[in-house]
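Sequence lines set the chain letters: A, B, ... in the order given, protein chains first and strands last, and positions in each chain run from 1. What you see below is based on every heavy atom in this structure, not just the backbone, and it leaves out hydrogens, waters and symmetry mates. Remember, it's a predicted structure, so these values are computed and weren't measured experimentally.
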Amino acid sequence: MIRRLGYACINMIHSDPTLVKKADRVTTNRTCRLATFQQLGMDHIKSLVLDNARDLHTILEWNETQGIRLFRLSSDMFPFLAHPEVGYDISDLGPEISEALAKCGEFIAKHDHRISSHPGPFNVLASPSPNVVDNTIRELDAHPAIFDAIGFSQNHNSKINIHVGGAYGDPDAALDRWCTNFARLSPSAQARITVENDDRASLYSVRALYDNVYKRTGVPIVFDYHHHIFCTGGDSEADALALAISTWPSGIVPTTHYSESHELHVGNDKPTPKHSILINALPDPHGHTIDVMIEAKGKEQALLPHQTSAMRNRDWWSAEADA
DNA sequence: ATAGGTCAAGCGAGG
DNA sequence: CCTCGCTTGACCTAT
């Protein structure tokens, strides 16, 4: 059974520049260039973050009206949060921002929304470059600060999801480095990290993650249905899903990712990793209870046609959540 | 107002 | 060798 559907970072109907005037956009993704920061200073970043934080609340309210209680927080919400030179503490941004973030946290708790994050592809714990690893650790350790400022529980319900990041011609050595460097993360980051299977055969299948990451670190695996097509590790979809689900702690509904191939949507025969704008179907939960993050260019517009009345029905999902 | 070039950041695939 | 795609386009300047 699919418990919830969610979408990532952007609400199209409230932010698409072809639909909404720039001044009226509701978005958590306001950022700036380094040059602009150097010109305008921290006051500019504070202004961007405050607008982002207030708009997050608006998006969450809209999600609630649609029965959408799964959402991915953009890591762009706090520009340069973990930048080697610019980096700052959220608590230093002032009471106005702290209050706006806490207000989001209260809404999330009250309506039982589930919020996650997915830091960018620059986060490579497996990198042979010490500098890349240092930057990654700084970035990943910054995410619990975001979650704490808003007020999420410190577990995999609000996950920080990443990929292993690279193979460098020697996947085993890369996996060793990943596990070694994982131990350097703060405990609050470690408690929330998940790993996701890759969309290329040269990288990491669910099976590879299970054997080389989960067994050594206990880090749960996020199953991406679409990626699995390109990197099966020899497992069927049902087997890979079951293996990934087995890595999740009890009491936390496993999250999965679902998307469809853009190439198939435009009439070509060969699927590629590129995401389609909308989706034609929902994935098969193969008898498990899962949450599904829809990764489609159309964001909530891809999700909405697939919301069932049961998903919109508060009584139903509350009962399920309690079960 | 809009179009086009640019932007902190890593990696691998494809042309 | 360069561009794209990924997690997620958005910023900024010129016209």
Side-chain angles (χ1 to χ4, degrees), chain A residues 6-12 15-18 20-23 25 27-40 44-45 47-48 51-52 55-56 59 71-87 116-140 142-143 159-171 174 177-178 181 194-204 222 224 226-227 230-231 255 257 259 261-263 270-277 293-300 302:
Chain A
Y7 66 102
C9 305
I10 292 172
N11 183 293
M12 294 299 286
S15 70
D16 188 326
T18 65
V20 186
K21 283 185 293 184
K22 189 176 178 186
R25 294 184 70 195
T27 173
T28 66
N29 299 320
R30 296 177 189 84
T31 181
C32 67
R33 297 282 175 265
L34 206 42
T36 306
F37 164 75
Q38 282 154 357
Q39 204 176 1
L40 301 177
H44 184 58
I45 287 187
S47 159
L48 295 169
D51 286 344
N52 287 342
D55 282 0
L56 174 61
I59 291 171
F71 184 65
R72 182 182 298 164
L73 201 64
S74 168
S75 296
D76 280 347
M77 198 173 155
F78 300 87
F80 300 112
L81 178 63
H83 185 278
E85 277 86 45
V86 181
S116 63
S117 66
H118 198 343
F122 321 106
N123 292 281
V124 189
L125 285 179
S127 176
S129 158
N131 190 45
V132 171
V133 174
D134 288 347
N135 288 342
T136 298
I137 290 173
R138 192 181 297 109
E139 172 88 13
L140 295 180
H143 277 71
K159 65 189 163 53
I160 304 167
N161 181 52
I162 55 174
H163 291 259
V164 169
Y168 312 91
D170 188 349
R177 285 193 298 272
W178 196 96
N181 292 326
T194 58
V195 282
E196 176 180 345
N197 56 309
D198 286 301
D199 60 7
R200 282 165 284 183
S202 62
L203 293 175
Y204 305 100
V222 170
D224 187 309
H226 184 51
H227 293 177
F230 306 98
C231 182
T255 298
H257 292 175
S259 48
S261 167
H262 171 74
E263 289 301 320
K270 192 183 170 196
T272 60
K274 186 178 178 181
H275 294 165
S276 57
I277 298 170
M293 179 64 67
I294 305 293
E295 294 182 332
K297 295 294 178 195
K299 302 300 178 186
E300 89 286 355

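In this structure, A/Ile277 places its CD1 atom 11 Å from P of C/dG9, rounding to the nearest Å. In this structure, CG of A/Asp76 is placed 16 Å from P of C/dC6, rounded to the nearest angstrom. Whole-Å rounding puts the A/Asn52 CG to C/dA10 C1' distance at 11 Å. One can place OH of A/Tyr204 at 12 Å from C1' of B/dG12, the figure rounded to the nearest angstrom. Atom CD1 of A/Ile160 is separated from atom P of C/dT8 by 17 Å (rounded to the nearest Å). For the pair A/Arg25 CZ and C/dT8 C1', the interatomic distance rounds to 12 Å; values are reported in whole Å. Taking atom CZ of A/Phe230 as the reference point, atom P of B/dG12 lies 18 Å away to the nearest angstrom. The interatomic distance linking A/Asp199 (CG) with B/dG14 (P) rounds to 11 Å, in whole Å.
Note that the CG atom of A/Leu56 and the CE atom of A/Met77 stand 4.5 Å from one another [nearest 0.5 Å].
Here the side chain of A/Asp16 pairs no donor or acceptor atom with the backbone of A/Met12 at under 3.5 angstrom. No donor-acceptor pair under 3.5 Å is formed between the side chain of A/Ser117 and the backbone N or O of A/Pro119.
Aromatic rings of A/His118 and A/His143 (six-membered ring for Trp) have centroids beyond the 6.0 Å cut-off, not under it.
With distances taken from any side-chain atom of A/Glu139 to the nucleotides B/dC11, B/dG12, B/dA9, the minimum falls on B/dA9. For A/Thr36, whose side chain is taken as the heavy atoms from C-beta onward, the closest listed nucleotide among B/dA9, B/dC11, C/dC12 is C/dC12. Taking every side-chain heavy atom of A/Arg30 into account, C/dC11 is the closest of C/dT8, C/dC11, C/dT7. Among B/dG12, C/dG5, C/dC11, the nucleotide with an atom closest to any side-chain atom of A/Lys274 is C/dG5. Between B/dA8, B/dC11, C/dT8, one nucleotide has an atom nearer to the side chain of A/Arg200 than all others, and that is B/dC11. For A/Cys9, the side-chain atoms get nearest to C/dT8 when compared with the rest of C/dC6, B/dC11, C/dT8. Relative to the side chain of A/Ala167, the nucleotides B/dA8, C/dC11, B/dG12 differ in distance, and B/dG12 lies closest.
In this structure, a donor-acceptor pair under 3.5 Å is absent between the side chains of A/His227 and A/Asn197. A donor-acceptor contact closer than 3.5 angstrom is absent between the side chains of A/Asp55 and A/Thr27.
Once the 5.5 Å centre distance and the 30° plane angle are applied, the aromatic ring of A/Phe122 is found not to be stacked with the base of B/dG10.
Base pairing of B/dA9 is not made with any nucleotide, judged by Watson-Crick or G-U wobble geometry with both donor-acceptor distances under 3.5 Å.
For B/dA3 and C/dT7, the C1' atoms lie 26 Å apart once the distance is rounded to whole Å. Remark: the separation of the C1' atoms in B/dA9 and C/dG5 is 16 Å, to the nearest Å.
A/Lys21 has no side-chain polar atom (N or O) that falls below the 4.0 Å cut-off from OP1 or OP2 of B/dA1. Close to C/dG9, at under 4.0 Å from its OP1 or OP2, lies no side-chain N or O of A/Thr31. In terms of phosphate contacts, A/His275 brings a side-chain nitrogen or oxygen within less than 4.0 Å of OP1 or OP2 of C/dT7. Checking the phosphate oxygens (OP1, OP2) of C/dT7, a side-chain nitrogen or oxygen of A/His227 falls inside 4.0 Å. Note on A/Ser202: a side-chain N or O is less than 4.0 Å away from OP1 or OP2 of B/dA13.
Interface remark: the A/Arg33 side chain does form a donor-acceptor pair with the C/dA10 base, using a distance-only criterion of under 3.5 Å.
Looking at heavy-atom distances under 4.0 Å, A/Arg138 makes no contact with the nucleic acid at all.
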